[in-house]
Amino acid sequence: MNKTIIVSNRLPLQVSIQENSLEISPSVGGLATGMKSVHSEGKGIWVGWSGIPENELSPELSQKVQQEIRKEKCVSVPLDNQDIEEYYEGFSNRALWPLFHYFMEYTNFEQQEWEAYKRVNEKFAKVVIDNLDDGDTVWVHDYQLLLLPQLIKDQKPNTTIGFFLHIPFPSYEIFRTFPWRQEILKGMLGSDLLGFHTYDYERHFLSSIKRILRLDVNFNEINYHDRMIKVDSFPMGIDYDKYRNAALKHHSDSLEKSDLRKRLEEHMIEDKKLILSIDRMDYTKGIPTRIKAFEFFLDTYPEYKEKVRLVMLAVPSRSNVPQYQKLKRETDELVGRINGKFATVSWTPIWYFYRSLPFEDLIDLYISSDVALITPIRDGMNLVAKEYVATRTQGNGVLVLSEMAGASKEMNEALLINPNSYEDFALNLKRALTMPLKEQETRMKFLQKRLKRYDVEKWANEFFKSLEETKQVRNTTITKKLAGDYEKDLIRDFQSKEKKLLLLDYDGTLVGFKDNPQDAAPDEALFQLLDQLQEKATLVLISGRDRDTFERWFGNKPYNLVTDHGVWLYQNKEWTALERLRTDWMQSIRPILETFRDSTPGTFIETKKYSLAWHYRTADPELAKIRTMELNTVLTSMVANNGLSILQGKKVIEIKSSNVNKGRVISRLLTQENYDSITVIGDDWTDEYMFEEAPEHAYTIKVGFTKTKAKYQIKDPEQVRELLQKLV
Ligand code: ADP
Ligand code: G6P
């Protein structure tokens, strides 16, 4: 039975030594808490670090750790003190974490830590490979293991590997500052599928892939060596029922009340409103800014003094990293100062806890709070926001959420704020505290419905479904490689037949891509090859290039030319115009529109014969304004070079096929002559039109190993030229 191996730096459990015996506690952080449900239900194993330095363990204790961990279907990767210092605290949390969260001033690049990062990623690869059987799937998680996919692929090329990034992927302008940017991207590209929380992170990643590695990207597929890699967004959900059921149990009388619960209830009797914030103690979470904004709120609306209380729970995190120590000091001071400034005999405005809490206490906090204040400066997703919503089984409660959290993309019924604006903060906190119950319930209902539908199980299933598809594409690609018998048949056919048609795309097929398109002019060897082919067959060069360029390069040659993706045909020294429409791009664009429809109430998708339209006329205008901008950005990067155009109508965004394609040309040429041998070679999306239109007996050949309708695939322009040489 094939299994799935989950790999992440941290296991869902943490081992520590208390008085010479092992203590095991659950890990905090979105990755561990979210993936825990996926892991416990599946048949696989989880590979990661136990949280304890290996060199501090005696051989007996080390074995005991492994045994304990095994019971939980986990396998540990032994890390020593130096690894932890240089790879975990160093490279992962002083270079990658701040940079990916746009905290450039905190980013520290050290060569020695980079070496440690490589070394530890290799340690992980070893443990994974030791536990890997043929047919297993590997799912790698997060920024600590960006090199791992390629390390595994190098040794086990047939293994299907998925990767998910739990933090933001920064924009190209930020990412390019990274000294080892190429190595990091190449490491990630060992995966068959790369997942991100939002379209924006996905878009940023693809932009870096195009600009830094200069790879070909078609929609969300990357052509890399002879592999096709898929990139997609999968917003992570929570185990909705677990949180909801726990809340229901806490509301019922069946459970004995904890001390915390009793304290919280006393508070409710006092008729004060509880405002809750829960985070790891991390500078990305905006804790000091939140405290200062809370001060601004109390100064601006003094009527709330003694009427509200902020319960601020911060769980200790990465406390050996200097920036985290600084943050802790700053937070302690701020809480002290604000409490000192406002406190009365019977009231302190902030209750501050710096510790991890058991699950049951978290639930008590969630169900007792009138408002959740989740205001990170930058956050990949933020599961706390989702957990709060899931526990509001009575339908009341208000979520105030930062726009900078990935979760805000799916939670627009929350009060979304810019966490850096004190005014925005204070205004929305007041709005939350005074929101009529009816409105609270309506908003909660929408949020809960969506969270229930897209829970963590659905998230993992969608990821696996997509990963499985990449496996199928890989299998068909292997069987389509043009070599051996296939190639012999083609050559024999070409040489023995009378009326031959040879359709060749230009860029990416006959010549490789150049930074400057003018540098890809035909070379002397190519002219010679084409001249020879022209004598044996009807030769057509078919390209997205403009007419003037092709006329300049080939105007005095007897070849047939097609330019501008099929707008112009040059035959017998004369140019004629062609046109036609297609719809198969819809399957790539529709899921994007569906995500936008789902996250923007009041919008819908219209499917027309040759276009898709997203209508937003009944959506909230403010939200629609943000969403249209986002959708435009996502679409613009996708439609480029794919023969599509975006139309901005009145309260509608429409995507339509541009009026031309290369397939039309084939139909036209076939009416002119009865060819008994047809060969079509092309490399990109626009050439798919030709592959589709070509008759059954044609040889259709795709350059590169991405998904295609062509019957055969070949590696690169060099191999194309070798093949053509064999024909003549
Ligand atoms: P991050 O992944 O950056 O830590 P998330 O909000 O996505 O942020 O995930 C945090 C997870 O850790 C949540 O599942 C939350 O319930 C849990 N958590 C946060 N604070 C505590 C705490 N003090 N005690 C126990 N669990 C906590
Ligand atoms: C975030 C990261 C996780 C990490 C968690 C806790 O959620 O995305 O990879 O595990 O924070 O941080 P820690 O450094 O304690 O593992």
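Note that ligands are numbered from 1 as they come in the structure, with each ligand's atoms numbered from 1 the same way. Counting from 1, the numbers follow the sequence of the chain as shown. Here the structure is a predicted model, which is why all the values come from computation and not from measurement.
- For the side chain to side chain donor-acceptor pair (under 3.5 Å) condition, the pairs that include at least one residue of residues 230-239, sequence neighbours left out, are Ser37-Asp239, Lys230-Ser466, Lys230-Glu469.
- Side-chain rings of Phe164 and His197 approach one another, their centers coming within less than 6.0 Å.
- Annotation: cation-pi pair Lys242/Phe359 present, NZ/CZ under 6.0 Å from the ring centroid and within 45° of its normal.
- Considering backbone and side-chain N/O of Gln144, one or more are found under 3.5 Å from N/O of ligand 2.
- For Asp332 and Tyr352, the side-chain atoms include at least one donor-acceptor pair closer than 3.5 Å.
- Counting the atoms of ligand 2 from 1 in the order shown, those under 4.0 Å from a heavy atom of Ile167 are 8 (O).
- In this structure a side-chain-to-backbone donor-acceptor pair under 3.5 Å is missing from Ser76 to Gln66.
- Distances from atom 4 (C) of ligand 2 to the heavy atoms of Arg280, Arg10, Arg318 show the closest one on Arg318.
- By heavy-atom distance, the residue among Asp142, Val28, Val321 lying nearest atom 9 (O) of ligand 2 is Asp142.
- For the pair Ala32 and ligand 2, no heavy-atom separation below 4.0 Å is found.
- Counting protein heavy atoms only, atom 7 (O) of ligand 2 is closest to Gly30 N, 3.5 Å.
- For Glu462, there are no side chain to side chain donor-acceptor pair (under 3.5 Å) partners two or more places apart in sequence or in a different chain.
- Taking both residues in full, the closest heavy atoms of Asp142 and Ile167 are given as OD1-N, 3.7 Å, listed atom of the first, atom of the second, then distance.
- Note that CG of Leu373 is 9.5 Å distant from CZ of Phe297, once rounded to the nearest 0.5 Å.
- The residues lining ligand 1, counting any heavy atom closer than 4.0 Å, are Val28, Gly29, Gly30, Thr33, Ile278, Arg280, Lys285, Leu313, Val315, Arg355, Ser356, Leu357, Leu362, Tyr366, Asn382, Leu383, Val384, Glu387.
- With hydrogens and angles left out, the side-chain atoms of Tyr106 and Asn93 include no donor and acceptor closer than 3.5 Å.
- Looking at residues two or more places apart in sequence or on another chain, you find a side chain to side chain donor-acceptor pair (under 3.5 Å) between Gln14 and Arg10.
- Annotation: atom 14 (O) of ligand 2 to nearest protein heavy atom, Tyr88 OH, 2.5 Å.
- For ligand 2, the atoms lying closer than 4.0 Å to a non-hydrogen atom of His166 are 8 (O).
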